[in-house]
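Chain letters run A, B, ... following the sequence lines, proteins first and then strands; every chain starts at 1. Just so it is clear, the model here is predicted, and its values are computed rather than measured. Only heavy atoms go into these numbers, but all of them, side chains included; no hydrogens, no water, no symmetry mates.
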Amino acid sequence: MPSHDSRPLRERARAPSEVELGSIPWLAVLEPDDQRMARSSIVLAHAGPGEQICRIGRPATYWFGVLEGLLKMSNEPGAGAPVTFTGVPPGAWFGEGTLLKREPYRYNIESLRKSVVAGLPVDAFHDLLARSIPFNRFVLNQLNERLGQFIAARETDRLNNPDARVARNLAALFHPVLYPGVGQLLRITQLELGYLVGLSRQRVNEALQALQERRLIAVEYGGVRVLDLQGLRSYAPPA
DNA sequence: TCATTAAATTGTT
DNA sequence: AACAATTTAATGA
């Protein structure tokens with residue numbers, strides 16, 4: 001029972017199943033030899049709510065991917081007032097910047113709910129980077145898309161309208177390239193969304209209703225379905 | 001598989 | 001922050 005297992009995450013790693021490997025987008029672009037190597041290197045772990053995937057200052061050992069669940073990335077260690085958060089939904093792969101520079105992790109990543117996280121060991125990551133053009137292409141594209149995300153996030157942070165903040169944050173989480181595992185239905189509670197956006201659950205609920213009124217999303221139990229991604233990205237409050 | 005119960009989530013005050 | 005209503009997950013026959 002993983003819920004009563006208090007060992008560190010890396011000691012609970014297990015081999016991934018075929019279906020789990022099938023949900024990893026960059027595997028398919030690799031040459032057969034590289035793909036074999038990657039498949040046998042990848043490990044999997046379950047993380048419960050509040051569990052840390054990686055901590056600031058720890059040596060970087062894996063390139064991480066979210067297969068199920070939801071993580072949050074924070075730059076504020078300790079228990080002070082949370083300042084900046086980024087949601088990390090299914091399909092996301094992260095940590096390559098840290099691995100590239102062979103530095104310790106610069107972010108805290110923790111699980112918001114029961115999640116399944118895959119890890120590609122740092123040595124395998126560098127092997128692929130050294131020999132596989134398709135892998136480099138994937139990583140480069142990922143970095144480029146994420147740069148766009150951060151620029152958009154800066155703008156979002158300046159918006160003071162709660163509805164707009166929720167809309168833009170949702171649009172970011174629905175990014176089809178960075179988070180292909182999300183699809184049309186993002187599994188996230190209104191409480192979790194409140195944490196990520198920095199609003200109360202009540203206000204998030206109000207915002208979601210407003211966005212639903214505009215036919216941009218459909219609110220479902222335990223999640224949000226996207227109807228108009230472009231509309232979410234460019235949402236502006238009514239005059 | 002179905003019915004019952006507990007837990008989680010939502011909508012509202 | 002508290003409450004009731006709704007939906008899902010868990011349990012056991």
Side-chain angles (χ1 to χ4, degrees), chain A residues 1-7 9 12 14 16-20 22-23 44-53 65-74 76 78-92 108-118 156 159-175 179-229 231-233 235-238:
Chain A
M1 283 291 112
S3 54
H4 296 112
D5 195 336
S6 58
R7 287 175 298 157
L9 214 55
R12 279 187 273 143
R14 60 171 174 83
S17 73
E18 275 307 310
V19 281
E20 287 162 336
S23 70
L44 225 68
H46 285 78
E51 252 187 285
Q52 306 234 313
I53 311 301
V66 182
L67 269 43
E68 287 177 34
L70 187 67
L71 315 182
K72 76 171 179 186
M73 172 185 291
S74 63
E76 282 275 306
V83 173
T84 345
F85 290 118
T86 302
V88 187
N108 286 325
I109 304 274
E110 82 170 55
S111 187
L112 282 176
R113 57 165 66 196
K114 282 178 66 173
S115 302
V116 181
V117 180
T156 299
L159 298 174
N160 48 7
N161 180 274
D163 292 5
R165 292 178 55 87
V166 171
R168 308 267 176 127
N169 273 277
L170 280 177
L173 291 171
F174 277 114
H175 196 294
Y179 314 128
V182 173
Q184 306 301 114
L185 177 63
L186 175 68
R187 299 254 311 157
I188 189 173
T189 68
Q190 298 179 7
L191 180 62
E192 291 165 340
L193 197 49
Y195 278 124
L196 295 181
V197 183
L199 295 170
S200 70
R201 184 174 71 78
Q202 291 95 319
R203 192 58 188 83
V204 167
N205 181 267
E206 198 180 327
L208 290 177
Q209 309 280 0
L211 298 176
Q212 184 171 234
E213 280 294 313
R214 289 200 171 195
R215 312 290 162 134
L216 299 176
I217 59 171
V219 180
E220 298 189 8
Y221 183 88
V224 177
R225 186 173 298 278
V226 64
L227 302 178
D228 180 358
L229 185 52
L232 272 184
R233 287 202 181 109
Y235 176 89

Closest contact, heavy atoms only, A:G69 versus A:P90: O-CD, 3.2 Å
Compare all side-chain heavy atoms of A:S115 with those of A:H46 and state whether any distance is below 4.5 angstrom. no
Measure from [atom1] on [X] to [atom2] on [N] and round the result to the nearest Å.
| X | N | atom1 | atom2 | result |
| --- | --- | --- | --- | --- |
| A:E213 | B:dG11 | CD | C1' | 14 Å |
| A:R225 | B:dT10 | CZ | P | 15 Å |
| A:Q190 | C:dT6 | CD | P | 16 Å |
| A:E220 | C:dT6 | CD | C1' | 15 Å |
| A:L193 | B:dA8 | CG | P | 20 Å |
| A:L208 | B:dT12 | CG | P | 12 Å |
| A:R203 | B:dG11 | CZ | P | 14 Å |

Only one of A:I217, A:L208, A:L159 clears side-chain contact (heavy atoms from CB on, under 4.5 Å) with A:V166; which? A:L208
Contacts of A:K114 and A:Y221 projected onto DNA chain C by closest heavy atom; the upstream (5') one is A:Y221
Let me spell it out: for each of A:R201 and A:R187, pick the nucleotide of DNA chain C with the closest heavy atom. Which residue's pick is nearer the 5' end? A:R201
Test side chain to side chain donor-acceptor pair (under 3.5 Å) applied to A:E20 - qualifying residues, sequence neighbours left out: A:R14, A:S17
OP1 or OP2 of B:dG11 under 4.0 Å from side-chain N/O of A:N205: yes
